[in-house]
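Residues take their numbers from the sequence shown, with the count starting at 1.
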Amino acid sequence: QVQLVESGGGLVQTGGSLRLSCAASGRTFSDYAMGWFRQAPGKEREFVATISWSGERIYYADSVKGRFTISRDNAKNTQYLQMNSLKPEDTAVYYCAARDRRYLSRYEYDYTYWGQGTQVTVSS
């Protein structure tokens with residue numbers, strides 16, 4: 001079992017920045033790839049970014065490319081999502097996810113473990 005706990009969400013103005021963290025426990029962190037997903041009110045959950053076990057491979061959704069940066073620190077069992085130039089359409093609950101493979105995926109069904117989510121609200 002893997003437990004994931006997100007933090008760092010909050011309220012920010014358009015153009016601002018936030019850094020989300022996801023602390024993992026329960027298994028060897030470097031055994032699995034990680035991802036971030038988000039769900040806006042009234043919408044389905046969507047892919048944001050994913051990172052391989054080593055951090056060497058990264059993939060972003062087109063909507064966040066150039067503004068968001070995913071990273072991980074295997075020594076701290078933590079992954080991060082640095083979000084810059086935030087827009088109102090980035091408002092959503094952001095979820096951390098882990099998959100039982102070392103290689104990244106953009107597909108929700110590939111992820112086995114999920115955090116409880118953290119709210120990000122961007123005001124216009």
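The list of salt bridge (Lys or Arg N to Asp or Glu O under 4.0 Å) pairs with a residue in residues 25-36, not counting sequence neighbours, reads Arg27-Asp100, Asp31-Arg102.
Around atom CZ of Arg101, no more than 12 heavy atoms belonging to other residues, nucleotides or ligands sit under 6.0 Å away.
Hydrophobic clustering of Ile, Leu, Val, Met, Phe, Trp and Tyr side chains at less than 4.5 Å, counting indirect connections, unites Val122 with Val48. Tyr111 and Tyr94 fall into different hydrophobic clusters, where Ile, Leu, Val, Met, Phe, Trp and Tyr side chains are chained together by heavy-atom contacts under 4.5 Å.
With sequence neighbours excluded, the residues satisfying ring pair (Phe, Tyr, Trp, His ring centres under 6.0 Å) with Phe29 are Tyr32.
Contact of the Gln79 side chain with the Ile70 side chain is registered, since non-hydrogen atoms from C-beta on lie closer than 4.5 Å.
Cation-pi geometry between Arg72 and Trp53 is not met at under 6.0 angstrom from the ring centre and within 45 degrees of the axis.
For the pair Lys87 and Asp90, the salt-bridge criterion is not met [side-chain N within less than 4.0 Å of a carboxylate O].
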Please table the atom pairs, donor to acceptor, closer than 3.5 Å between any side-chain atom in residues 7-19 and protein atoms at least two apart or in another chain.
unit_1, atom_1, unit_2, atom_2, d
Thr14, OG1, Ser123, O, 2.7
Ser17, OG, Asn84, OD1, 2.9

Assess the residue pair Thr121 and Gln119 against the criterion (side-chain hydrogen bond (donor to acceptor under 3.5 Å, both in side chains)); give the C-alpha distance rounded to whole Å, side-chain angles, the decisive distance to 0.1 Å, and a yes or no. CA-CA 6 Å; Thr121 303; Gln119 177 70 47; 3.3 Å; yes
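Considering all non-hydrogen atoms of both residues, Lys43 and Gln39 come closest at O-NE2, 3.0 Å.
Between Phe47 and Phe37, the distance from one ring center to the other falls under 6.0 angstrom.
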